[in-house]
Student: 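This is the structure I have questions about; it appears just below.
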2 protein chains.
Amino acid sequence: MTGASVQEGKNSSHSQPDLPAQSLPAHPGECGGISEVLARVGDKWSVLVVMMLRDEPRRFNALKRSIDGISQHMLTLTLRGLERDGLVTRTVFPTTPPRVDYALTPLGHSLRGPVEALGRWAMENQPAIRAARQAYDGHLEP
Amino acid sequence: MTGASVQEGKNSSHSQPDLPAQSLPAHPGECGGISEVLARVGDKWSVLVVMMLRDEPRRFNALKRSIDGISQHMLTLTLRGLERDGLVTRTVFPTTPPRVDYALTPLGHSLRGPVEALGRWAMENQPAIRAARQAYDGHLEP
DNA sequence: CAGTATCCAGAGGGATACTG
DNA sequence: CAGTATCCCTCTGGATACTG
């Protein structure tokens with residue numbers, strides 16, 4: 001260990017900017033708030049962050065560099081969201097310069113199964129989808 | 001059968017409004033266009049439509065009524081997207097009044113597996129997530 | 001019935017600059 | 001290093017009205 005690690009997963013010192021609260025417009029046609037969870041998974045970065053944490057904890061900038069295309073703003077928001085949902089933990093090492101590790105919780109790890117299944121489906125069927133799109137588009141505007 | 005069914009899955013008579021093309025901002029940090037597929041699954045309605053079609057084909061208004069909360073605009077866009085990606089077929093019965101059935105393609109059915117796995121995960125862990133959120137929020141603004 | 005067209009509000013998300 | 005704060009713009013998606 002490097003120093004005293006502060007394990008919290010809750011709050012440390014940062015007052016939250018706003019946390020948009022996701023504004024679920026209440027469409028209880030289905031079961032419960034499945035859409036709530038789907039919104040997490042479906043957003044642009046959450047899944048990639050989870051996948052980046054699958055093997056080992058990572059530091060903020062390590063995540064930022066490995067994801068490529070994400071802004072620090074979005075990485076922060078995504079990590080906050082995942083932390084709030086209990087999917088990742090945030091561990092602060094009070095060193096200089098400061099170091100913060102993010103890691104998957106058991107809940108976060110349990111999400112890997114379904115997500116990876118979806119990822120495999122995506123990879124396997126991506127050619128078919130691309131072909132379907134080209135066919136569809138081609139017949140519309142030749 | 002009611003009349004002559006026109007099976008196309010491509011185009012019938014409607015010129016597409018625009019089809020936003022999703023604007024994928026090219027972040028090839030991961031594998032291929034997994035995010036493309038994730039965007040389909042992650043949007044607000046696609047998954048629910050797929051689930052509604054899991055057992056049998058459905059007509060436009062049947063879908064609209066059963067999903068509860070979706071606007072005809074969004075239902076149209078969602079169905080167009082799914083059709084374009086080769087996940088659903090659009091079958092027009094030239095009767096009066098017109099009748100249009102939507103059904104899952106084999107590709108669409110193959111998506112059910114991963115999606116339902118995710119749905120199960122969501123239902124099983126929704127209590128944990130809600131609890132985590134309350135804990136997180138509670139410690140921020142008491 | 002099954003759409004299409006138009007308008008519009010708000011959330012998502014990128015770029016940049018600043019801070020402890 | 002690890003954020004926070006602002007600005008701003010695009011895309012999503014809801015409401016409404018009209019059509020074959």
Side-chain angles (χ1 to χ4, degrees), chain A residues 2-3 6 11-27 35-36 38-40 42-46 48-49 57-65 67-81 83 90-102 140, chain B residues 2-3 6 11-27 35 38-40 42-46 48-49 57-65 67-81 83 90-102:
Chain A
T2 308
V6 181
N11 185 19
S12 51
S13 60
H14 53 79
S15 59
Q16 99 281 31
D18 52 310
L19 281 189
Q22 228 120 269
S23 74
L24 50 146
H27 49 90
S35 304
E36 272 179 272
L38 254 49
R40 274 247 65 63
D43 78 15
K44 199 173 182 181
W45 302 111
S46 290
L48 282 84
V49 169
R58 295 246 194 170
R59 304 176 57 174
F60 186 88
N61 274 343
L63 284 170
K64 178 162 172 4
R65 251 175 281 110
I67 289 186
D68 182 83
I70 196 171
S71 59
Q72 66 278 56
H73 184 191
M74 275 305 109
L75 182 53
T76 299
L77 284 186
T78 303
L79 287 169
R80 288 288 172 277
E83 188 192 359
R90 181 172 179 274
T91 308
V92 177
F93 300 89
T95 59
T96 54
R99 166 186 177 156
V100 180
D101 275 17
Y102 291 92
L140 284 181
Chain B
T2 310
V6 181
N11 185 19
S12 52
S13 60
H14 53 78
S15 58
Q16 98 282 31
D18 53 310
L19 280 189
Q22 229 116 274
S23 74
L24 49 145
H27 49 90
S35 304
L38 255 47
R40 274 246 67 61
D43 78 14
K44 198 172 179 180
W45 302 111
S46 291
L48 281 82
V49 169
R58 296 248 192 167
R59 305 177 56 173
F60 187 89
N61 274 342
L63 283 171
K64 180 163 170 3
R65 250 174 283 109
I67 288 187
D68 181 85
I70 196 171
S71 58
Q72 67 277 56
H73 183 195
M74 275 304 108
L75 182 54
T76 300
L77 285 186
T78 302
L79 288 168
R80 288 288 174 277
E83 188 191 359
R90 180 171 179 276
T91 307
V92 177
F93 299 90
T95 59
T96 54
R99 166 185 175 157
V100 180
D101 274 18
Y102 292 92

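Naming: A, B, ... by sequence-line order, numbering from 1 per chain. Note that the coordinates shown come from a computational prediction; the quantities given were computed from them, not determined experimentally.
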Student: Can you tell me if B:Tyr102 touches the phosphate of C:dG3, counting only side-chain N or O atoms and a distance under 4.0 Å to OP1 or OP2?
Tutor: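 B:Tyr102 to C:dG3 OP1/OP2: side-chain N or O found under 4.0 Å.
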Student: Taking only side-chain N and O atoms of A:Arg59, does any of them lie within less than 4.0 angstrom of OP1 or OP2 on D:dC1?
Tutor: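 Answer no for this pair, as no side-chain N or O of A:Arg59 is under 4.0 Å from OP1 or OP2.
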Student: Find the distance between NE2 (A:His73) and OG1 (A:Thr76) and round it off to the nearest 0.5 Å.
Tutor: 7.5 Å
Student: Rounding to a whole Å, what distance do you find between A:Arg99:CZ and D:dA2:P?
Tutor: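 Interatomic distance, CZ of A:Arg99 to P of D:dA2: 8 Å.
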Student: Within the pair B:Arg90 and C:dA2, is there a side-chain N or O less than 4.0 Å away from OP1 or OP2?
Tutor: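 So the side-chain polar atoms of B:Arg90 never come under 4.0 Å of the phosphate oxygens OP1 or OP2 of C:dA2.
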Student: Under the side-chain contact (heavy atoms from CB on, under 4.5 Å) rule, what do B:Leu48 and B:Thr78 come out as? Steps first, then yes or no, please.
Tutor: CA-CA 10 Å; B:Leu48 281 82; B:Thr78 302; over 6 Å; no
Student: Is the phosphate of C:dC1, meaning OP1 or OP2, less than 4.0 Å from a side-chain N or O of B:Lys64?
Tutor: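 Result: no.
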Student: Rounding to an integer number of Å, can you tell me how far A:Leu48 CG sits from C:dG13 P?
Tutor: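 Nearest whole value for this atom pair: 12 Å.
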Student: Starting from C1' on C:dA2, measure out to CD on B:Glu83 and report it in whole angstrom.
Tutor: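 Answer to the nearest Å: 13 Å.
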Student: If each of A:Gly42 and B:Val100 is mapped to the nucleotide of DNA chain C with the nearest heavy atom, which maps nearer the 5' terminus, i.e. the 5' end?
Tutor: B:Val100
Student: Both B:Pro98 and B:Gln72 contact DNA chain D. Taking the nearest nucleotide for each, which residue is further toward the 5' end?
Tutor: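 Per heavy-atom nearest nucleotide, the more 5' residue is B:Gln72.
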Student: The side chain of A:Met74 is closest to which nucleotide in this list: C:dG14, C:dC1, C:dG3?
Tutor: C:dG14
Student: Roughly how far apart are B:Phe60 CZ and B:Leu79 CG, rounded to 0.5 Å?
Tutor: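 Rounded to the nearest 0.5 Å, the CZ-CG separation comes out at 6.5 Å.
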Student: Indicate the atoms forming the closest heavy-atom contact of A:Arg90 with A:Val100, along with that distance.
Tutor: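 That closest heavy-atom pairing would be CG-CG1, 3.7 Å.
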Student: Would you kindly give the NZ-to-C1' distance between A:Lys44 and D:dT12, to the nearest whole Å?
Tutor: 13 Å
Student: If each of A:Ser71 and B:Phe60 is mapped to the nucleotide of DNA chain C with the nearest heavy atom, which maps nearer the 5' terminus, i.e. the 5' end?
Tutor: B:Phe60
Student: Quick one: list whatever passes side-chain contact (heavy atoms from CB on, under 4.5 Å) with A:Arg59, sequence neighbours left out.
Tutor: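 Once residues adjacent in sequence are excluded, the partners of A:Arg59 under the side-chain contact (heavy atoms from CB on, under 4.5 Å) criterion are A:Ala62, A:Arg99, A:Asp101.
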Student: Once side-chain hydrogen bond (donor to acceptor under 3.5 Å, both in side chains) is applied, do any residues pair with B:Ser46, and if so which ones, sequence neighbours excluded?
Tutor: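 side-chain hydrogen bond (donor to acceptor under 3.5 Å, both in side chains) check on B:Ser46 returns B:Arg40, B:Asp43.
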Student: Atom CG of B:Asp68 to atom C1' of D:dG14: distance rounded to whole Å?
Tutor: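 One finds 14 Å between C1' of D:dG14 and CG of B:Asp68, rounded.
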Student: Expressed in angstrom and rounded to an integer, what is the separation of B:Leu77 atom CG from D:dG14 atom C1'?
Tutor: 11 Å
Student: Look at the side chain of B:His73 and the base of D:dG13, then say whether one donor and one acceptor between them are separated by less than 3.5 Å.
Tutor: no
Student: Starting at atom CG of B:Asp101, determine the distance to atom P of C:dA2, rounded to an integer number of angstrom.
Tutor: 8 Å
Student: When rounded to the nearest 0.5 angstrom, what is the spacing between CD in A:Gln72 and CG in A:Leu77?
Tutor: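 One gets 10.5 Å once the value is rounded to the nearest 0.5 Å.
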Student: Between C1' on C:dG13 and CG on A:Leu75, what's the gap in Å once rounded to a whole number?
Tutor: 13 Å
Student: Toss me the dot-bracket line for DNA chain D: Watson-Crick and G-U wobble, both under 3.5 Å, 5' to 3', using | for pairs to another strand and [ ] for crossers.
Tutor: ||||||||||||||||||||
